[in-house]
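Single-structure report; data block below.
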Amino acid sequence: MRFSRLLIPTTKETPNDATLASHIYLIRGGFIQSVGGSGLYNFLPLGKKILDKVRAVVKEELDKAGCQEVSLSFVTPAALWEESGRLEKYGKELLRFKDRKNNDFILGPTHEEMMVNMVRQSVKSYKQLPLNLYQINLKFRDEIRPRFGLMRGREFLMKDGYSFHASTEDLQREFALMEETYKKIFTRLGLEFRVVDADSGAIGGSGSKEFMVLADSGEDTIVVCPDCEYGANIEAAVAQSKSYDASTEIKVVTMKALYDEGVTEIVEFVLEESELLEEVKACNSINANDLVDVENPNTVDRRMIDNNLKECTVYENPEYADISAVQEGDACTRCGGALHYSKGIEAGHIFQLGTQYSEPLAANFLDENGKAQPMVMGTYGIGVSRLLAGIIEQNHDDKGCVWTKESAPFDLQIIISNIKDEAQVALGEKLYAAMLEKGVDVLLDERKDRFGAKMKDYELIGVPHAVVIGKKLADGVVEFIIRDGMKKEEVSALAIADLLLERF
Ligand code: ATP
Ligand code: MG
């Protein structure tokens, strides 16, 4: 590609709502453009190119693992969500609307119902199972606080996959395969990540794992053990129980619990004074859908006491559960190591659903004995557009982006310093043609601009390698640059073509 022909509107201006490096550089580098309202973005040519590259890595690895790509309608009939019971439960994040005939629709924030609906119409027998179907498509969630650019948009690109099985054992086999496949995807994209236990709702267990891209800017706190493999989202993390004695100070956190069909309860959560209530664990402990703050309630319907207080409470018929947040320094349940916190960006999530959707939606198959059974399901998501932000959070410097090999918009950038210099232009064009011939994805910066501006754009856009053809060409020398660390090396103009051919 020729820079002069491309729409790459780079800018020096930092958008005023941007604090994260990825948000700033994706806008400043002309990859994406904010669309009026928050959480909506256009992808400009470079952004779209990267999105397609990331998407291709995801697709290649999933296809290798035997998954099949489909594409589901984005506009979803609300009736399907009524069948699953989610229409009522899903709050304001769900965008609901009517068509001209007054039919109710939603914009899909996730597609379990739609995929189950596709499968229940065509799969009738155990002989047609297992199946793993996925799509890489838009999602819409009317997030309460869209922020950080592509990290938490309202419209975003997700890979969502769903598997269907005749047994729980077969689901577990597929779940392990997806974990391995996701590891390959994240590794190929050049990311530093950790697979952690995630909240599985009231069902509990280890049927849910998140893929966390490690970054200080991440919104999730993860608990990791330095001495073994243990890692968990703080929402699901466990530690060895601590025993407090009878003189321990306690505290009570009172909250309103929300259940199905508008049922509510006032619940007291009791913890040791220095402990913090972990709301997701607390919510699961009473099988509620959600917990909200409540002021001065005049009754208490239920009391849940933290496991750590087992040896010292004085209540009658006490109910106990693990409701406190793991703290740094707590002991790992597997090896006793001192747990510590780290920050992560949730970029993927895999979940063993069981029959949670197939039962209400009557997605049944006939087993070997001719008996009808609900299909056993798994669900697997990757935030494809969020990954672009994750890659930059991990790979940038104070000048701009440093794209990883498989995510880079180009493999190589050739920069002609002064396009009035015929020798520089001649060499640039010759190298450009040779690289194209070899199938290298190359960007030739042959713009009329000043050299300084071209270098600033190079650093901002973050192509992994560059060749600068400048004044020193008169002495037979050009410069080879590695963007990561801006390492520069002088190379003979005669040898540069061979060096590039060797590298790419
Ligand atoms: P979060 O906790 O960050 O809100 P989630 O747990 O609600 O995410 P899932 O329902 O598990 O998200 O969706 C699968 C994947 O989609 C997530 O792992 C994440 O990478 C991505 N994702 C979710 N919400 C957004 C969003 N608002 N913008 C961009 N990507 C998102
Ligand atoms: Mg999730």
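Only a predicted model underlies this, so the values are computations on that prediction, with no experimental measurement involved. We count ligands from 1, going down the list as the structure has it; atoms in each ligand are counted the same way.
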Please confirm whether [X] approaches ligand 1 to less than 4.0 Å, judged on its heavy atoms.
| X | answer |
| --- | --- |
| Arg154 | no |
| Leu150 | yes |
| Gly153 | yes |

Going by the closest heavy atom to [atom], which one wins out of [options]?
| atom | options | value |
| --- | --- | --- |
| atom 4 (O) of ligand 1 | His349, Met212, Arg152, Glu346 | Arg152 |
| atom 29 (C) of ligand 1 | Glu155, Arg147, Glu210, Met151 | Met151 |
| atom 31 (C) of ligand 1 | Phe211, Phe148, Phe156 | Phe156 |
| atom 10 (O) of ligand 1 | Arg141, Lys159, Arg145 | Arg141 |

Worksheet item: Side chain, backbone, both or neither: which part of Thr110 comes within less than 4.0 Å of ligand 1 when only heavy atoms are counted?
Response: neither
Worksheet entry | Polar side-chain atom of Lys139 near backbone of Glu155 as donor-acceptor pair, under 3.5 Å |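 Here the side-chain-to-backbone pair does not exist.
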Closer than 4.0 Å to some heavy atom of [X] - which atoms of ligand 1 meet that?
| X | result |
| --- | --- |
| Ala347 | 18 (O), 20 (O) |
| Glu143 | 24 (N), 26 (C), 27 (N) |
| Gly348 | 18 (O) |

Is the shortest distance from a Lys or Arg side-chain nitrogen in [X] or [Y] to a carboxylate oxygen in the other one below 4.0 Å?
| X | Y | answer |
| --- | --- | --- |
| Arg120 | Glu83 | yes |
| Lys183 | Glu179 | yes |
| Glu69 | Lys59 | yes |
| Arg483 | Glu459 | no |
| Arg152 | Glu219 | yes |
| Glu60 | Arg188 | yes |
| Lys242 | Asp330 | yes |

Discussion item. For the Mg ion (ligand 2), give me the closest N/O/S atom belonging to His349, just the atom name.
Written reply: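 Nearest N/O/S atom of His349: ND1.
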Practice prompt. Using only N, O or S atoms, tell me which atom of Glu346 is closest to the Mg ion (ligand 2).
Written response: OE2
Worksheet item: Does the N or O separation between Ser385 and ligand 1 drop below 3.5 Å for any pair?
Response: no
Worksheet item: Can you find an N/O atom of Met158 closer than 3.5 Å to an N/O atom of ligand 1?
Response: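 Such a contact does not occur with ligand 1.
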Fill in: Cation-pi geometry met for Lys49 and Phe410 (6.0 Å, 45°)
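The answer is yes; both the distance and angle limits are met.
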